[in-house]
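Here the structure is laid out as structure tokens; the discussion comes afterwards.
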Amino acid sequence: MENLHNIPEEFLKPYNSQDHESSIYNIWEGSGYFNPDNLPGNRKEAYTIVLPPPNVTGTLHMGHAAMLAIEDILIRTARMQGKRTLWLPGTDSAAIATQSKVEGEIYKKEKKTRYELGREELLRRIEEFTDESKTTIINQVKHMGSSLDWSRYAYTLDDTRYKAVMEAFVRMYDAGLIYRGNRIVNWDPKGQTTVADDEIEYVEQKDPFYYFQYGPFVIGTVRPETKFGDKYVVMNPRDERFAQYSHGQKIELEWINGPLTATVIKDEAADMETGTGVMTITPAHSGVDFEIAQRHGLDVEQVIDERGILLPIAGEFAGMHIKKARSLIVEKLQAKGLVVKIDENYVHNIATSYRGGGVIEPQIKKQWFIDVNKEVTFPDGGLASLKQKMREVVENKSINIMPERYERTYYHWIDNLRDWNISRQIWFGHRIPAWFKNDEVKVQIDSPGEGWQQDEDVLDTWFSSGLWTFSTLGWPDKTNDLKTFHPTNVLETGYDILFFWVARMILMSTYLVGEVPFKNVYLHGLVRDGQGRKMSKSLGNIIDPLVMIEKYGADATRLSLVMGSAPGTDIKLSEDRVRGFKHFANKLWNITRFVLENFDVAALQTSLNEADQKLVDEARTLATEVTTHIDKFRLDLAGDATYHYVWGRFAAEVLEESKHILKGEASEEKASKQKALYEILIISLKLLHPFMPFVTEAIWQKLPQKDTDILMVAEWPTSK
RNA sequence: GCGCGGUUAGCUCAGUUGGUAGAGCGUCCCCUUGACGUGGGGAAGGUCACAGGUUCGAAUCCUGUAUCGCGCACCA
């Protein structure tokens with residue numbers, strides 16, 4: 001016990017994360033080292049990650065926590081390796097999600113819709129709401145220990161990003177990549193807006209499937225309410241059952257509201273195997289039908305309006321909501337003897353909005369689109385379509401997707417990509433810089449003058465998100481940041497938004513900047529509960545990262561999300577797992593206590609004997625191994641290797657075996673041992689710092705001898 | 001329908017270029033004036049989904065099957 005005066009008093013108690021985390025974060029933030037401009041030394045090589053911006057109105061969940069842990073590990077490693085390291089934070093307005101949330105709350109409290117409130121007032125309320133909740137998410141991000149450069153914080157709707165979005169739109173319009181057209185789009189009657197193809201989520205549902213007599217044919221449908229306008233009957237040209245009918249043939253028949261002249265259309269789209277092999281089409285309310293109609297130049301008639309109400313074409317049913325009308329229409333057809341049979345157990349997928357859950361009603365609408373097939377000149381002078389370019393940069397490995405198997409998924413998506421509908425009929429978002437006066441259209445940022453009306457629509461939130469890697473660095477201005485930090489090194493995100501976001505960034509950056517947005521895409525898995533189920537409110541199995549941080553510390557929370565989870569594989573998380581890693585933080589704490597209790601600063605002057613040199617070399621070899629793993633983005637293996645070395649080798653063997661020497665009389669052997677243990681401790685702390693920054697920094701702050709005041713900018717160990 | 005991934009100890013998963021299996025947690029037993037009981041020591045526990053094939057040798061490579069999950073498409 002004679003050495004007790006050597007060690008700071010805290011080490012006599014177990015490590016308690018709550019005593020240290022906020023003060024440690026303050027030390028880091030106060031040092032200014034989160035900002036690459038303030039980093040010590042002459043740093044040349046830049047290393048950049050742009051944080052996938054969480055929703056401004058959101059709260060931190062385990063998916064965020066995993067993302068923050070992974071990115072912070074990469075960033076802290078790069079920073080310690082002497083790179084000019086920037087991790088750029090931001091938040092996302094999440095247009096539709098945020099607006100419907102605020103609208104919902106206003107309706108609940110004041111029974112007012114957005115139309116009653118007006119555009120200006122609604123936007124004011126949304127801003128109030130986002131300002132308030134912004135601080136919440138930012139503080140929660142800090143609790144994870146994230147070493148983000150807050151001085152560069154960006155918001156998708158702030159002035160700099162506004163400028164970028166406007167510039168992007170105008171440029172792409174001028175290049176002919178953006179056009180306005182009447183096309184069938186996914187209309188969400190609940191949200192009163194269109195949504196993009198990949199914002200649709202298919203949900204299984206059981207509905208009656210009706211077979212109706214349509215002249216000489218039997219047709220099937222789940223949606224009788226769309227059938228009023230069905231005056232085309234489609235069959236496959238190779239279908240011999242219908243060889244007697246010819247393309248364009250007119251057939252008189254009795255239909256819902258009386259007699260009708262139907263026209264026979266022969267088209268490959270009719271599948272001979274499905275149903276009766278014959279179908280009628282509703283071009284105004286079905287994507288496939290619309291395409292058939294376009295191929296044959298058929299009439300397109302709207303049957304249902306934007307609110308889901310039947311139009312005059314429905315005759316006596318006009319003005320009725322489709323939900324009500326369905327059964328009445330069936331009744332009428334039944335009375336007319338036109339119902340052949342009803343299958344009550346038909347299971348099919350219905351399209352719903354990914355945000356908000358409204359059932360999608362395809363509609364023809366005049367919308368803005370990005371043309372993905374048009375050939376344009378890229379900044380490098382090459383000629384290609386957006387689609388081709390997006391494929392090319394991954395094929396030629398300018399962008400490396402991990403795990404690699406997602407490359408195939410990516411190609412598959414690109415190949416099926418259609419023009420991207422970028423206008424939304426909501427109010428919260430970047431308003432489209434298009435101006436109308438009578439039949440004239442002008443696309444420019446400011447009003448062309450008197451009498452010009454700006455387009456009411458706003459841009460799809462993914463349009464502005466697509467610019468994120470460079471809009472955050474000041475584009476379209478040619479800033480130093482843009483020059484230094486773009487392309488970014490890694491884009492780290494969940495595999496669930498590979499298409500939504502990753503692909504869109506590639507599209508925007510290659511065209512507008514002439515660079516890939518990032519060199520590496522690292523896709524992490526979804527965080528699931530201990531049994532592998534998705535975390536959800538209804539299952540009640542949500543593990544709150546903030547609760548875990550409070551109970552076990554941010555370090556333990558980070559480790560639990562990183563260890564044992566390979567790229568792209570889902571992470572199964574249980575509270576026990578987090579608790580287990582808290583023990584490791586304490587272990588490290590006690591290792592330090594032991595080393596310091598038996599330490600004498602003077603020992604650092606001696607030279608290591610052969611045996612001790614070997615021990616230090618062993619730790620340095622580990623450093624190389626860890627570095628290799630991190631370079632390959634195998635953080636799980638890097639963390640695992642360090643964990644096992646520190647606990648299984650350093651603590652269990654090296655420390656144990658040195659006890660008899662340390663307890664003995666002062667000697668060269670003892671001094672050498674003291675020095676070796678101290679050096680190994682230093683190496684261990686450095687290697688662990690990216691994974692568990694708080695406890696390692698807390699220990700570092702108490703060390704009697706070190707090369708930098710702050711571990712965060714200490715030099716990364718190598719095997720030399 | 002097309003594609004992808006998983007299937008290894010009770011649970012969660014490793015297993016790098018093929019050399020007859022590992023970790024953590026859990027379970028059971030032992031150990032407290034020890035740096036740390038948030039600890040230490042030890043034990044039990046696996047026909048590596050199944051069937052073929054290649055090979056001196058297969059958890060690992062190939063083919064097929066089953067099963068679970070995911071993505072895309074279709075959904076009249």
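Each chain gets a letter, A, B and so on, in the order the sequences are listed, and its residues count up from 1. Since we're looking at a predicted model, the values are computed, not measured.
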Would you write out the dot-bracket form of RNA chain B, 5' to 3', with Watson-Crick and G-U pairs under 3.5 Å, [ ] for crossing pairs, | for pairs to other strands and . for unpaired bases?
-> (((((((..((((.....[..)))).(((((.......))))).....(((((..]....))))))))))))....

Quick one: [X] [atom1] to [N] [atom2], roughly how many Å, whole number?
| X | N | atom1 | atom2 | value |
| --- | --- | --- | --- | --- |
| A:Arg649 | B:G40 | CZ | C1' | 17 Å |
| A:Glu597 | B:G34 | CD | P | 10 Å |
| A:Tyr15 | B:A35 | OH | C1' | 18 Å |
| A:Asn590 | B:G40 | CG | P | 10 Å |
| A:Tyr678 | B:A35 | OH | P | 20 Å |
| A:Asp636 | B:G24 | CG | P | 17 Å |
| A:Lys582 | B:C36 | NZ | P | 17 Å |
| A:His412 | B:C2 | NE2 | C1' | 6 Å |

Report the nucleotide, chosen from [options], that has the shortest atom-to-atom distance to any side-chain atom of [X].
| X | options | answer |
| --- | --- | --- |
| A:Leu637 | B:A14, B:C36, B:A76 | B:A14 |
| A:Leu655 | B:C75, B:A35, B:A76 | B:A35 |
| A:Thr409 | B:G71, B:G15, B:C72 | B:G71 |
| A:Lys663 | B:A35, B:G15, B:A76 | B:A35 |
| A:Val222 | B:A76, B:A35, B:U38 | B:A76 |

Are OP1 or OP2 of B:A35 and a side-chain N or O of A:Lys659 less than 4.0 angstrom apart?
-> yes

Can you find a side chain N or O atom of A:Trp647 that sits less than 4.0 Å from OP1 or OP2 on B:G40?
-> yes

When you match A:Arg577 and A:Thr592 each to their closest nucleotide on RNA chain B, which lands nearer the 5' end?
-> A:Arg577

Per nearest nucleotide of RNA chain B, the residue lying toward the 5' end, A:Ile219 or A:Asn416, is A:Asn416

Separation between the [atom1] atoms of [N] and [M], rounded to whole Å:
| N | M | atom1 | value |
| --- | --- | --- | --- |
| B:U8 | B:A21 | C1' | 8 Å |
| B:C48 | B:U7 | P | 14 Å |
| B:G46 | B:U12 | C1' | 16 Å |
| B:U17 | B:C30 | P | 44 Å |
| B:U33 | B:C28 | P | 24 Å |
| B:U27 | B:C50 | P | 29 Å |
| B:U67 | B:A14 | C1' | 23 Å |
| B:G45 | B:G10 | P | 11 Å |

Within the structure shown, what part of the strands sits under 4.0 Å from [X] by heavy-atom distance: base, sugar-phosphate, or nothing?
| X | value |
| --- | --- |
| A:Phe209 | sugar-phosphate |
| A:Val288 | sugar-phosphate |
| A:Ala652 | nothing |
| A:Lys227 | nothing |
| A:Ala585 | nothing |
| A:Val234 | nothing |

Grab the two heavy atoms, one from A:His524 and one from A:Gly63, that are nearest each other, plus how far apart they are.
-> NE2-O, 4.2 Å

Determine the interplanar angle of the [X] and [Y] rings, folded into 0 to 90°, and report it as parallel if under 30°, tilted if 30 to 60°, perpendicular if over 60°.
| X | Y | result |
| --- | --- | --- |
| A:Phe650 | A:Tyr645 | parallel |
| A:Tyr643 | A:Trp647 | tilted |
| A:Trp589 | A:Tyr15 | tilted |

For the pair A:Asp419 (side chain) and A:Val372 (backbone), establish whether a donor and an acceptor sit closer than 3.5 Å, ignoring hydrogens and angles.
-> yes

Would you confirm whether A:Glu21, through its side chain, and A:Ala554, through its main-chain N or O, come within 3.5 Å as a donor-acceptor pair?
-> yes

Within a strict 4.5 Å, meaning less than it, do heavy atoms of the A:Val278 and A:Tyr245 side chains meet?
-> no

Please report the C-alpha distance between A:Glu268 and A:Arg238 in whole Å, then the side-chain angles of each, then the deciding distance to 0.1 Å, and finally whether the salt bridge (charged side-chain N to carboxylate O under 4.0 Å, His left out) criterion is met.
-> CA-CA 8 Å; A:Glu268 297 280 344; A:Arg238 288 175 292 127; 3.0 Å; yes

Inter-residue atom distance A:Thr642.OG1 - A:Leu687.CG, 0.5 Å rounding | 5.5 Å

Could you run down nucleotides 28-33 of chain B 5' to 3' and tag each one B, S or - for protein heavy-atom contact under 4.0 Å?
-> ------

Kindly indicate whether a cation-pi arrangement holds for A:Arg391 with A:Tyr411, taking the cut-offs as under 6.0 Å to the six-membered ring centre and within 45° of the axis.
-> yes

Establish, for the pair A:Lys659 and A:Phe594, whether the NZ or CZ atom is under 6.0 angstrom from the six-membered ring centre and no further than 45 degrees off its axis.
-> yes

By salt bridge (Lys or Arg N to Asp or Glu O under 4.0 Å), which residues pair with A:Glu679, not counting sequence neighbours?
-> none

